[in-house]
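A quick write-up on the structure given underneath.
Letters A, B, ... mirror the listed sequences (proteins, then strands); counts begin at 1.
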Amino acid sequence: MSVRVRFAPSPTGYLHIGGARTALFNWLYARHCGATFVLRIEDTDAARNSQEAVDVILNGLRWLGLEWDEGPLTGAASGPSKGEFGPYFQSQRMAIYKKRVQELIDKGYAYEHEGAVKFRMDREPVMIPDVVVGNVRRELTDREQLDPDFVIVRSDGQPVFHLVNVIDDLEMKITHVIRGEDHLANTAKHLALFRAFGAEPPTYGHIPLILNIDGTKMGKRDVGASLQSYQDGGYAPEAVVNYLCLLGWSPKGNREILPLDEVVAMFDLPQILRHNARFDLAKLQWINWEYTKSMPIERFEIFAKEALAKVGVSTAEFSPEYSRAAFLTIKEKIKQFIYVPAFAAFYFRSEVVFDDSASSSEATDYTAITGDRLVKLRDAFVSDTVFNSDSLAAVLKGVAAECGVKAGLLVHPLRLAMTGSAIGPSLYHLLEVLGKDRVLLRINQFVNRIEARL
RNA sequence: GACCCUAUCGUCUAGCGGUUAGGACACUGCCCUUUCACGGCAGGUGCACGGGUUCGAUUCCCGUUAGGGUCGCCA
């Protein structure tokens with residue numbers, strides 16, 4: 001029997017980071033054993049249902065690179081899909097559910113109750129085999145002792161989650177259900193349903209949850225809960241995936257940065273950890289940085305240009321060589337792409353934007369003596385015909401010696417003159433990239449700025 | 001209230017009866033340094049608690065505590 005797994009999110013308007021990891025673990029397991037990865041949209045709750053909400057899920061999974069073998073191709077419930085077990089939206093499968101409910105009623109497993117349909121659950125403890133948690137023996141709770149039966153069709157005719165989830169897993173021939181541990185206790189219901197249908201239940205693997213860094217439940221409103229925040233926040237998807245792999249699973253061998261294909265080769269269900277993990281943004285940022293440093297400059301440029309575009313800075317009018325050289329000076333310095341504008345926007349703006357609050361030191365930058373030194377520096381730069389980082393460093397140090405001051409007294413104002421900021425790429429390298437014309441122009445402009453302030 | 005899962009540095013984890021309890025992130029100090037960084041060196045912090053089992057428990061069992069989950073005509 002071929003292995004089939006599925007990710008079955010509800011379109012709530014956002015993709016929870018924990019949901020993303022559940023999708024990832026399903027995908028990893030599918031790729032590991034050459035199985036089929038099915039995407040099914042659980043949109044039975046019409047109230048909070050929209051194509052946009054489905055698109056968020058599809059876009060999130062695509063961004064992470066978790067392609068599904070079967071499932072919807074667009075966010076439209078009645079739209080196109082791939083796979084032979086559709087429809088892949090529960091809202092389109094009502095006829096199937098209706099037939100299955102009748103089957104349960106006919107067999108005596110379900111009965112009408114005040115307009116709704118309830119499933120007849122027995123009162124025995126249930127053994128839940130689980131490849132991650134182990135065998136779980138679940139007793140009835142006090143409320144279930146009173147009435148173990150549960151509603152499978154609401155009085156308005158809508159089937160509920162437990163019912164449709166089981167029917168779909170059955171109809172779609174799902175062999176392994178890898179899902180969040182929040183479903184573990186309810187699995188007793190699902191097992192009973194499978195038995196009532198005379199079907200063999202799938203293998204279950206309940207994976208631990210992702211908590212906030214303080215150990216509390218990570219809800220919709222919590223920082224980092226939505227995958228969108230990483231898409232917007234300047235992270236490379238491969239870094240997010242790498243981090244997620246390390247939450248609840250370990251490659252052993254003290255390894256942190258791992259190519260996905262290696263994870264696919266190693267990944268298996270029994271090795272999944274059984275305890276919840278807390279989401280540590282600092283670790284993700286470090287991993288992201290590892291990826292930005294080592295990714296090809298071509299890929300880095302795509303993210304960098306996107307980040308600049310978001311703040312209205314276009315690189316279009318600059319030569320590819322200039323852009324490339326500019327981005328090379330920041331590639332190993334930024335940890336997230338949202339910092340690209342702060343580090344590189346000055347390369348692509350005709351006017352330097354001064355961040356006064358962040359300038360190195362007003363006291364030393366905006367003085368007449370600084371202006372005089374910069375003029376000397378400018379004149380020395382004029383006659384530097386090489387104009388690369390090495391020659392510029394030599395020239396600057398020469399001028400500093402001439403003035404009898406430490407290089408820093410020229411370096412800081414010059415950086416401010418070039419970038420408008422106290423942080424950024426290596427000074428000599430950014431000068432080389434900017435080129436003599438821009439450098440001389442910006443020195444002049446800054447000298448004027450000093451004079452205007454005196 | 002009942003039921004279920006879990007418990008190694010601040011965080012993610014390695015460990016599966018005998019280890020100086022390892023790694024990574026984060027943090028602290030020093031060095032280097034043109035900013036911010038990087039890098040180098042050094043450093044601290046951990047087996048939740050109490051009982052067993054055993055020659056010996058981080059490791060196995062029980063209990064306690066704590067955290068998380070579930071018990072819906074939500075998914």
Using the 3.5 Å cut-off, write out each protein N or O paired with an N or O of nucleotides 42-46 of chain B and the distance between them.
none

Here's a test of your reading of the structure: between Lys217(A) and Ser250(A), which maps to the more 5' nucleotide of RNA chain B? Ser250(A)
Roughly, in whole Å, what's the span from CD1 in Ile257(A) to P in C12(B)? 18 Å
For the P atoms, the ones on C62(B) and on U53(B), what distance do you get once it is rounded to whole angstrom? 15 Å
Between C1' of C25(B) and CG of Leu244(A), the distance in whole Å: 16 Å
Extract from the structure each pairing of a protein N or O with an N or O of nucleotides 29-34 of chain B at less than 3.5 Å, listing the distance.
residue	atom	partner	partner atom	Å
U34(B)	O2	Leu427(A)	N	3.4

Base, sugar-phosphate, or nothing: which does Ser155(A) touch, judged by heavy atoms less than 4.0 Å apart? base
Supply the atom-to-atom distance Ile17(A) CD1 to Ser226(A) OG, rounded to the nearest 0.5 angstrom. 8.5 Å
Using atom C1' of each nucleotide, how far apart are U35(B) and A42(B) to the nearest Å? 26 Å
Taking the six-membered ring for Trp and the full ring for Phe, Tyr or His, determine whether the centres of Phe387(A) and Tyr428(A) are under 6.0 Å apart. no
Residues from residues 329-341 of chain A lying under 4.0 Å of RNA chain B - heavy atoms: Lys333(A), Lys335(A)
Scan every strand shown for a Watson-Crick or G-U wobble partner of A37(B), both distances under 3.5 Å, and answer none if you come up empty. none
Glu290(A) has an atom CD; how far is it from atom P of C12(B), in whole Å? 20 Å
Can you check the Ile423(A) CD1 to C36(B) C1' distance for me, whole Å? 6 Å
Between G18(B) and C25(B) - C1' atom distance, rounded Å: 31 Å
Expressed in whole Å, how much space separates the P atoms belonging to G50(B) and A57(B)? 14 Å
By the 4.0 Å heavy-atom rule, please label His162(A) as base, sugar-phosphate, or nothing. base
Paired to A24(B) by Watson-Crick or G-U wobble criteria (both distances under 3.5 Å) is U11(B)
Please state the C1' separation for the pair C47(B) and G10(B) - nearest whole angstrom. 16 Å
Side-chain contact test, heavy atoms from C-beta onward, threshold under 4.5 Å: evaluate it for Thr216(A) versus Leu211(A) and give yes or no. no
Is the Phe337(A) to Phe300(A) ring centre distance short of 6.0 Å? yes
Hey, would you say the Phe119(A) and Tyr111(A) ring centroids sit under 6.0 Å apart? no
Strand-adjacent residues in residues 269-287 of chain A, judged by heavy atoms under 4.0 Å from RNA chain B: Leu273(A), Arg274(A), His275(A), Asn276(A), Ala277(A), Arg278(A), Asp280(A), Ala282(A), Lys283(A), Trp286(A)
Ser91(A) backbone acceptor or donor facing Asp43(A) side chain under 3.5 Å: yes
To the nearest Å, give me how far apart NZ (Lys189(A)) and C1' (C71(B)) are. 6 Å
When the P atoms of U70(B) and G22(B) are compared, how many Å lie between them, rounded to an integer? 37 Å
Whether Arg6(A) engages the ring of Phe37(A) as a cation-pi pair (distance to the six-membered ring centre under 6.0 angstrom, angle to the ring normal within 45°) should be assessed. no
Counting any heavy atom closer than 4.0 Å, what does Lys118(A) reach on the DNA or RNA strands: base, sugar-phosphate only, or nothing? nothing
Any base atoms under 4.0 Å from Gly248(A), or only sugar-phosphate, or nothing? Heavy atoms, all strands. sugar-phosphate
Under the salt bridge (charged side-chain N to carboxylate O under 4.0 Å, His left out) test, residues paired with Arg4(A) that sit two or more places apart: Glu70(A)
Could you list, one pair per line, each protein nitrogen or oxygen that sits under 3.5 Å from a nitrogen or oxygen of nucleotides 2-4 of chain B, together with the distance?
residue	atom	partner	partner atom	Å
A2(B)	O4'	Asp142(A)	OD2	3.1
A2(B)	O2'	Asp142(A)	N	3.0
C3(B)	O2'	Glu139(A)	O	3.1

Looking at the rings of His162(A) and His190(A), which for Trp means the six-membered one, are their centres under 6.0 Å apart? yes
Does Val5(A) offer a backbone N or O that forms a donor-acceptor pair with the side chain of Asn26(A) under 3.5 Å? no
To the nearest 0.5 Å, atom CG of Leu410(A) lies from atom CG of Leu396(A) at 5.0 Å
Quick one: label Glu256(A) by what it contacts on the DNA or RNA (base, sugar-phosphate, nothing), any heavy atom closer than 4.0 Å. base
P gap between C38(B) and C30(B), integer Å: 16 Å
Atom pairs, N/O to N/O, protein against nucleotides 20-22 of chain B, distance under 3.5 Å?
residue	atom	partner	partner atom	Å
G22(B)	N2	Asn254(A)	OD1	3.1

Please name all residues satisfying ring-ring contact (aromatic ring centres under 6.0 Å, His included) with Phe346(A), sequence neighbours left out, ordered by chain then number. none
Which residues share a ring-ring contact (aromatic ring centres under 6.0 Å, His included) with Tyr29(A), sequence neighbours left out: His176(A)
Mind checking Asp182(A) for me? I need base, sugar-phosphate or nothing, with any heavy atom below 4.0 Å counting as a touch. sugar-phosphate
More than 12 heavy atoms of other residues, nucleotides or ligands under 6.0 Å from NE2 of His32(A): is that the case? yes
We want to know whether Asn165(A) and Glu42(A) form a side-chain donor-acceptor pair, criterion being a heavy-atom distance below 3.5 angstrom. yes
What's the CE-C1' distance between Met218(A) and C12(B), to the nearest Å? 14 Å
Backbone N/O of Ala116(A) and side chain of Arg154(A): donor-acceptor pair under 3.5 Å: no
Kindly list each side-chain donor-acceptor pair under 3.5 angstrom involving residues 251-261 of chain A, sequence neighbours excluded, with atom names and distances?
residue	atom	partner	partner atom	Å
Arg255(A)	NH2	Glu262(A)	OE1	2.2
Glu256(A)	OE1	Lys283(A)	NZ	3.1

Distance check needed: A24(B) C1' versus Asn288(A) CG, whole Å only. 16 Å
How long is the line joining CG of Leu211(A) and C1' of A7(B), in whole Å? 13 Å
Could you measure between the two P atoms, the one in G40(B) and the one in G46(B), and give it in whole Å? 26 Å
Counting the atoms with a prime plus P, OP1 and OP2 as sugar-phosphate, which does Gln145(A) contact under 4.0 Å by heavy atoms, base, sugar-phosphate, or nothing? nothing
List in chain and number order the residues that pass ring-ring contact (aromatic ring centres under 6.0 Å, His included) with Trp289(A), two or more places apart in sequence or in another chain; answer none if no residue qualifies. none
Listed partners of Phe25(A) passing ring-ring contact (aromatic ring centres under 6.0 Å, His included), at least two apart: Phe267(A)
Whether Glu432(A) side chain and Ser389(A) backbone form a donor-acceptor pair below 3.5 Å: yes
Between Phe279(A) and Tyr230(A), is the ring centroid distance below 6.0 Å? yes
Mapping Val133(A) and Asp156(A) onto RNA chain B by nearest heavy atom, which one lands closer to the 5' end? Val133(A)
